[in-house]
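Input: a single structure, listed below in structure tokens.
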Amino acid sequence: RHTETAPLPSYDEVLVCTPNTEEEEVELLVRRALFPGSQDQKIYCLLGADRLVYKVSKQLESHFFRLVHSSSIPNYRFIIFCNAKAHNSYVITAFDAYKMTFPCYSKAEIQTYLKMHLKVPSRTAPVAQAFEEPYQQNVKFVFSERAGMGK
């Protein structure tokens with residue numbers, strides 16, 4: 001459901017996938033989405049899941065369907081984002097029955113949404129000040145070699 005007031009996802013709701021993403025990282029996100037007590041209105045997302053290597057893709061499928069069948073959560077929120085042009089992706093094939101096409105939003109609509117949600121509250125020191133750069137940004141991505149290390 002599209003709403004301009006919906007918040008951006010938090011760090012624990014999103015996993016950005018690369019060919020180096022490990023099975024444990026994927027399993028952790030699936031468990032967060034499908035375990036009882038994890039349904040506090042969060043929407044868990046795998047971004048770029050088509051970039052997962054075959055072994056991790058197979059494990060994603062296995063963990064997901066095992067947990068769906070054993071879980072008592074009827075209304076979980078778990079989204080897998082893939083490149084529509086990645087036809088050779090195992091993830092796309094494995095989850096084909098659940099495939100949906102999202103509406104396209106204009107660049108202006110996306111920019112307006114992000115500007116509204118990426119504002120630093122007044123009288124708050126933005127995290128961007130921790131980085132010594134000539135321009136101030138409200139968002140920084142920090143990648144870690146180790147998942148779950150509070151980054």
Side-chain angles (χ1 to χ4, degrees), residues 1-105 109-121 124-128 130-131 137-151:
R1 183 173 87 185
H2 173 70
T3 174
E4 291 181 9
T5 58
L8 288 169
S10 62
Y11 73 94
D12 65 329
E13 294 175 78
V14 179
L15 177 61
V16 179
C17 299
T18 71
N20 298 323
T21 301
E22 297 179 5
E23 175 189 339
E24 293 80 16
E25 296 172 283
V26 173
E27 182 182 4
L28 179 62
L29 188 76
V30 173
R31 286 181 183 276
R32 284 181 188 152
L34 298 176
F35 266 32
S38 64
Q39 297 304 298
D40 48 4
Q41 301 303 313
K42 292 186 175 190
I43 301 174
Y44 295 90
C45 308
L46 279 176
L47 299 180
D50 54 285
R51 299 183 72 207
L52 295 171
V53 296
Y54 179 76
K55 179 182 175 187
V56 176
S57 297
K58 288 282 291 178
Q59 292 301 322
L60 164 62
E61 177 188 32
S62 173
H63 291 309
F64 177 79
F65 288 110
R66 180 176 46 81
L67 289 172
V68 163
H69 294 299
S70 67
S71 177
S72 60
I73 299 174
N75 297 315
Y76 58 87
R77 296 173 175 207
F78 184 65
I79 302 173
I80 301 172
F81 290 94
C82 293
N83 182 341
K85 296 178 183 176
H87 301 293
N88 61 343
S89 167
Y90 184 84
V91 173
I92 291 174
T93 304
F95 293 93
D96 188 61
Y98 302 96
K99 186 166 86 174
M100 293 179 58
T101 302
F102 283 93
C104 291
Y105 296 103
E109 288 174 308
I110 294 169
Q111 286 175 331
T112 301
Y113 176 82
L114 290 175
K115 282 181 185 176
M116 184 172 76
H117 288 283
L118 298 179
K119 288 181 182 175
V120 177
T124 303
V127 174
F131 299 91
Q137 295 177 326
N138 294 334
V139 176
K140 287 285 186 188
F141 286 99
V142 178
F143 291 94
S144 172
E145 294 298 319
R146 298 177 62 195
M149 298 304 295
K151 303 291 187 259

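This structure is a prediction, so every number in the text was calculated from the model and none was measured.
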Checklist entry - Got a donor-acceptor contact below 3.5 angstrom from the S70 side chain to the R66 backbone? => result yes
Next on the checklist: Please check this pair: side chain of D50 against backbone of S89, looking for a donor-acceptor N/O pair closer than 3.5 Å.
Outcome noted: no
Next on the checklist: Which residues pass the side chain to side chain donor-acceptor pair (under 3.5 Å) test with E61, not counting sequence neighbours?
Outcome noted: Y90
Next on the checklist: Can you list everything that forms a salt bridge (charged side-chain N to carboxylate O under 4.0 Å, His left out) with E27? Sequence neighbours excluded, please.
Outcome noted: R31
Item to check | Test item: L28 and R32 side chains (from C-beta on) under 4.5 Å apart, heavy atoms | outcome: yes
Checklist outcome for this item: Contacts of V56 meeting side-chain contact (heavy atoms from CB on, under 4.5 Å) (sequence neighbours excluded), chain-then-number -> V26, L52, V53
Item to check | Residues which pass salt bridge (charged side-chain N to carboxylate O under 4.0 Å, His left out) with K85, listed by chain and number, not counting sequence neighbours | outcome: none
Item to check | Contacts of type ring-ring contact (aromatic ring centres under 6.0 Å, His included), residue F78, not counting sequence neighbours | outcome: F64
Mind listing the side-chain donor-acceptor pairs of residues 12-19 below 3.5 Å, one per line with the distance, residues two or more places apart or on another chain?
{"from": "D12", "atom 1": "OD1", "to": "S10", "atom 2": "OG", "distance (Å)": "2.5"}
{"from": "D12", "atom 1": "OD1", "to": "K42", "atom 2": "NZ", "distance (Å)": "3.1"}
{"from": "D12", "atom 1": "OD2", "to": "K42", "atom 2": "NZ", "distance (Å)": "2.6"}
{"from": "E13", "atom 1": "OE1", "to": "I43", "atom 2": "N", "distance (Å)": "2.9"}
{"from": "E13", "atom 1": "OE2", "to": "S10", "atom 2": "N", "distance (Å)": "2.7"}
{"from": "E13", "atom 1": "OE2", "to": "S10", "atom 2": "OG", "distance (Å)": "2.8"}
{"from": "T18", "atom 1": "OG1", "to": "N20", "atom 2": "N", "distance (Å)": "3.0"}
{"from": "T18", "atom 1": "OG1", "to": "T21", "atom 2": "N", "distance (Å)": "3.4"}

Checklist entry - Between V91 and L46, is a side chain to side chain contact (heavy atoms under 4.5 Å, CB included) present by the stated rule, with each step listed? => result CA-CA 11 Å; V91 173; L46 279 176; over 6 Å; no
Checklist entry - Which residues satisfy the side chain to side chain donor-acceptor pair (under 3.5 Å) test with K55, sequence neighbours excluded? => result none
Item to check | Nearest-0.5 Å distance, CD of residue E25 to CD of residue Q59 | outcome: 14.0 Å
Next on the checklist: Using 0.5 Å steps for rounding, measure from the CG atom of L34 to the CZ atom of F65.
Outcome noted: 10.5 Å
Next on the checklist: I need the R77 CZ to C45 SG distance, nearest 0.5 Å.
Outcome noted: 11.0 Å
Checklist entry - What is the distance from atom CD1 of I80 to atom OH of Y98, rounded to the nearest 0.5 Å? => result 10.0 Å
